[in-house]
Amino acid sequence: MPAGTLYRGREGMWSWVAHRVTGVLIFFFLFVHVLDTALVRVSPEDYDKVVATYKTPVVGLLEYGLVAAILFHALNGLRIIAVDYWTKGPRYQKQMFWSVMGLWILLMLGAIYPVLGHAARDLFGS
Amino acid sequence: MATEVSPKDAVELTSSSASYSPDNPAPLIEPPRARTRRTPRSTRTNFELYGWLFMRLSGVVLVVLVIGHLLIQLVLDGGVTKVGFAFVAGRWASPFWQYWDLAMLWLAMLHGGNGLRTIINDYAEQPNTRVWLKTILFTAVAFTIALGSLVIFTFDPNIR
């Protein structure tokens with residue numbers, strides 16, 4: 001890493017890094033997702049065949065990761081808007097970052113059963 | 001014209017600017033992005049301002065659209081296990097969900113495309129690389145928006 005590329009660290013910089021990384025991941029997923037959905041114009045069998053792979057435990061784990069990326073990007077995006085438009089936003093950006101992380105962890109805990117439940121039933125039987 | 005400045009209102013000068021006075025003014029600093037006659041045509045518009053505004057406006061709408069989409073597809077009613085051709089056919093029988101998905105497609109692709117454009121501008125330093133990457137990006141975004149819109153509006157539940 002060239003000298004001087006690490007900005008100031010802490011909440012401000014790392015939330016910016018995470019916002020970029022999650023944004024790029026979601027964008028590339030979106031390409032694939034539009035392509036797979038386009039299979040409904042090919043045939044019901046081809047679409048169902050591809051969607052069947054989305055119901056496997058491994059892809060289920062990837063879906064959980066996608067939900068994690070989207071929820072972080074959404075919550076941190078709202079924080080960015082608050083920093084930009086709320087008069088006191090810049091002063092409370094750190095508190096808002098930790099609120100985002102707290103809410104994100106809660107939502108991710110809540111998503112375990114709905115998103116990964118079917119994978120657990122596949123792996124360990126119901 | 002001499003104006004009286006009461007000590008209460010006077011700005012306290014720091015050491016770097018203390019030597020400047022009306023008789024010895026500080027040098028005029030041009031705004032770094034002042035538009036002059038030599039400014040390239042492409043940077044004379046407010047495109048970046050509107051891009052910045054679009055990211056915030058589309059972002060708020062996408063939070064609602066995408067989280068709703070995740071709830072429908074991955075959480076409610078059996079989660080991902082219920083998704084299949086029949087499920088898609090059922091949802092797209094309603095114009096509400098067609099336009100929901102259309103809005104999500106356009107806003108998400110433009111939001112993501114503009115985000116990636118910013119990242120290319122930040123990290124690709126060679127002018128040639130920038131042009132190529134942005135050409136590929138623009139093509140991919142246009143193709144995906146066109147394909148997705150076509151699929152939503154030409155969907156045929158009785159295809160087979």
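Chain identifiers are assigned alphabetically (A, B, ...) following the order of the sequence lines, protein sequences preceding nucleic acid strands; residue numbering begins at 1 within each chain. Quick caveat: nothing in here was measured; it's all calculated off a predicted structure.
- Of the atoms belonging to A:Leu66, not a single heavy atom falls under 4.5 Å from chain B.
- Only the side chain of A:Val51 comes within less than 4.5 Å of a heavy atom of chain B; its backbone N, CA, C and O stay farther away.
- For B:Asp122 and A:Arg20, the salt-bridge test passes: some basic side-chain N is under 4.0 Å from an acidic carboxylate O.
- For A:Leu71, the part lying under 4.5 angstrom from a heavy atom of chain B is the side chain only.
- Heavy atoms closer than 4.5 Å to chain A are found in the side chain of B:Leu137, but not in its backbone.
- Here B:Leu74 contributes atom CG and A:His118 contributes atom NE2; the two are 8.0 Å apart, rounded to the nearest 0.5 Å.
- Contact detail for B:Ala108 and A:Leu30: the closest heavy-atom pair is CB-CD2, 3.6 Å.
- Under the 4.5 Å side-chain criterion, counting only non-hydrogen atoms from C-beta, B:Leu147 is in contact with A:Leu35.
- Both the backbone and the side chain of B:Ala140 come within contact range of chain A, with heavy atoms under 4.5 Å apart.
- Of the atoms belonging to B:Phe87, not a single heavy atom falls under 4.5 Å from chain A.
- Nearest heavy atoms, B:Ile67 versus A:Ala74: CD1-CB, 4.4 Å.
- Side-chain contact between B:Arg56 and A:Ile80 is present, with heavy atoms from C-beta onward closer than 4.5 Å.
- Contacts between B:Val75 and chain A at a heavy-atom distance below 4.5 Å involve backbone atoms as well as side-chain atoms.
- The backbone N or O of B:Gly84 sits nowhere less than 3.5 Å from a side-chain atom of A:Asp48 that would complete a donor-acceptor pair.
- Contacts between B:Val83 and chain A at a heavy-atom distance below 4.5 Å involve backbone atoms as well as side-chain atoms.
- When side chains are defined from C-beta on, B:Leu116 counts as touching A:Val24, because their heavy atoms get closer than 4.5 Å.
- Distance CG/A:Asp84 to CH2/B:Trp52: 4.5 Å, rounded to 0.5 Å.
- Note on ring orientation: taking the six-membered ring where Trp is involved, the planes of A:His73 and B:His111 are perpendicular (angle over 60°, cut-offs 30° and 60°).
- Between chain A and the residues B:Gly113, B:Ala86, B:Gly112, the most heavy-atom pairs under 4.5 angstrom are made by B:Gly112.
- When each of B:Val60, B:Val88, B:Ile119 is checked for heavy-atom pairs under 4.5 Å with chain A, B:Ile119 comes out on top.
- Both the backbone and the side chain of B:Met109 come within contact range of chain A, each with at least one heavy atom under 4.5 Å from a heavy atom of that chain.
- For the pair A:Phe27/B:Val141, a side-chain contact is recorded, criterion being any heavy-atom separation below 4.5 Å from C-beta on.
- For A:Tyr85, the part lying near chain B is the side chain, with the backbone staying farther off; criterion is any non-hydrogen pair under 4.5 Å.
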